[in-house]
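Note sheet for the following structure.
All residue numbers in this chain count up from 1 along the given sequence. Side chains are part of it too, since the values below use all heavy atoms of this structure and drop only hydrogens, waters and symmetry mates. From a predicted model like this one, the values you see are computed outputs, not experimental measurements.
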Amino acid sequence: QVQLVESGGGLVQAGGSLRLSCEASGYTDSARDMGWFRQAPGKEREFVAAISGSGGRTYYVDSVKGRFIISRDNAKSAVYLLINSLKPEDTAVYYCAAAALWRTGGPGTEEYKYDYWGQGTQVTVSS
């Protein structure tokens, strides 16, 4: 059974940084496309960042470009999201997602391209 567990969220002041982690278990091949999504209060879940199985390609939503960095360590079956220059509008529950190995075409920005999801970690940014 595939499990994704996020950690690293918390309460931080605007301008601060956080590093979110996502550790995967339950599959042997961790070199699969991974993504981070977030859901703010009263809003739909949105794409934040994605990384290819090898780590060679990354994608970001425009609102986080230059502030967020997605990375991975396949040896640890882990994906990370470094969040810098936090803003109050970054407040949300952040979810890690993993794609099935059979998916091709590179990491997607749409939820349906991911097959496994974590429970989320709360990030709250105070002004």
Side-chain angles (χ1 to χ4, degrees):
Q1 182 178 356
V2 176
Q3 283 192 317
L4 302 177
V5 179
E6 303 96 334
S7 62
L11 173 63
V12 64
Q13 288 188 331
S17 298
L18 281 175
R19 187 189 191 219
L20 307 185
S21 298
C22 172
E23 295 188 0
S25 63
Y27 51 64
T28 56
D29 189 342
S30 60
R32 58 186 67 212
D33 297 341
M34 302 286 292
W36 284 95
F37 290 74
R38 67 184 179 185
Q39 187 168 21
K43 295 186 177 181
E44 294 187 350
R45 189 157 58 185
E46 66 169 351
F47 167 78
V48 175
I51 188 166
S52 62
S54 67
R57 288 177 290 167
T58 57
Y59 302 91
Y60 300 91
V61 66
D62 286 346
S63 61
V64 308
K65 285 181 180 177
R67 298 190 298 124
F68 289 20
I69 300 174
I70 187 171
S71 61
R72 66 188 301 155
D73 184 341
N74 287 343
K76 296 181 179 180
S77 298
V79 177
Y80 309 100
L81 187 67
L82 177 61
I83 309 175
N84 296 311
S85 303
L86 277 159
K87 304 176 181 180
E89 51 264 43
D90 293 320
T91 294
V93 177
Y94 283 71
Y95 297 90
C96 171
L101 282 176
W102 56 263
R103 293 195 183 273
T104 60
T109 62
E110 301 90 346
E111 289 190 35
Y112 73 88
K113 293 188 176 180
Y114 295 89
D115 304 278
Y116 310 103
W117 293 83
Q119 294 299 306
T121 184
Q122 175 71 49
V123 172
T124 303
V125 185
S126 63
S127 56

Which residues pass the side-chain hydrogen bond (donor to acceptor under 3.5 Å, both in side chains) test with [X], sequence neighbours left out?
{"X": "Glu46", "value": "Arg38"}
{"X": "Lys43", "value": "none"}
{"X": "Arg103", "value": "Asp115"}
{"X": "Glu111", "value": "Arg45"}

Spell out, as yes or no, whether a donor-acceptor pair under 3.5 Å connects the side chain of Asn74 to the backbone of Gly53. yes

State whether the side chain of Gln119 and the backbone N or O of Val5 hold a donor-acceptor pair below 3.5 Å, judged by distance alone. no

Please list all pairs meeting disulfide (SG to SG under 2.5 Å) that have one or both residues in residues 98-127, counting only residues at least two apart or in different chains. none

So which pairs with a foot in residues 14-47 pass disulfide (SG to SG under 2.5 Å), sequence neighbours left out? Cys22-Cys96

Which value, rounded to the nearest 0.5 Å, describes the distance between [X] atom [atom1] and [Y] atom [atom2]?
{"X": "Asp33", "Y": "Lys113", "atom1": "CG", "atom2": "NZ", "answer": "9.5 Å"}
{"X": "Gln3", "Y": "Ser77", "atom1": "CD", "atom2": "OG", "answer": "13.0 Å"}
{"X": "Leu86", "Y": "Leu18", "atom1": "CG", "atom2": "CG", "answer": "5.5 Å"}

Which residues pass the side-chain contact (heavy atoms from CB on, under 4.5 Å) test with Thr109, not counting sequence neighbours? Phe47

According to a 4.5 Å side-chain heavy-atom criterion applied to Ile, Leu, Val, Met, Phe, Trp and Tyr, with indirect links allowed, do Leu101 and Val2 form part of one hydrophobic cluster? no

Qualifying residue for side-chain contact (heavy atoms from CB on, under 4.5 Å) with Ile83, from Leu20, Val64, Ile69: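 Answer after filtering Leu20, Val64, Ile69: Leu20.
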
Exactly one of Leu82, Val48, Ile51 clears side-chain contact (heavy atoms from CB on, under 4.5 Å) with Ile70, and that residue is Ile51

Flag side-chain contact, heavy atom, 4.5 Å: Asp90 against Arg67: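 Yes, at least one pair of side-chain atoms sits under 4.5 Å.
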
Do any pairs count as a side-chain hydrogen bond (donor to acceptor under 3.5 Å, both in side chains) and have a residue in residues 13-24, sequence neighbours left out, and if so which ones? Ser17-Asn84

Kindly give the heavy-atom pair with the smallest separation between Ala50 and Tyr114, and that separation in Å.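 So the two residues come closest at CB-OH, 3.4 Å.
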
Holding to salt bridge (Lys or Arg N to Asp or Glu O under 4.0 Å), I want the full list of residues that pass it with Glu44, two or more places apart in sequence or in another chain. none

Applying ring-ring contact (aromatic ring centres under 6.0 Å, His included) as the test, list every pair that has at least one member in residues 67-102; sequence neighbours left out. none

Kindly state each residue pair satisfying salt bridge (Lys or Arg N to Asp or Glu O under 4.0 Å) with at least one member in residues 70-84, sequence neighbours excluded.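 Sorted result for residues 70-84: empty, none.
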
Pairs of donor and acceptor atoms involving the side chains of residues 120-127, under 3.5 Å and at least two apart or interchain, shall be tabulated with distances.
from: Thr121; atom 1: OG1; to: Gly9; atom 2: N; distance (Å): 3.1
from: Gln122; atom 1: NE2; to: Ala92; atom 2: O; distance (Å): 3.4
from: Gln122; atom 1: NE2; to: Thr124; atom 2: OG1; distance (Å): 3.3

Just say parallel, tilted or perpendicular for the rings of Tyr116 and Tyr27, cut-offs at 30° and 60°.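 Judged by the thresholds at 30° and 60°, the geometry between Tyr116 and Tyr27 is tilted.
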
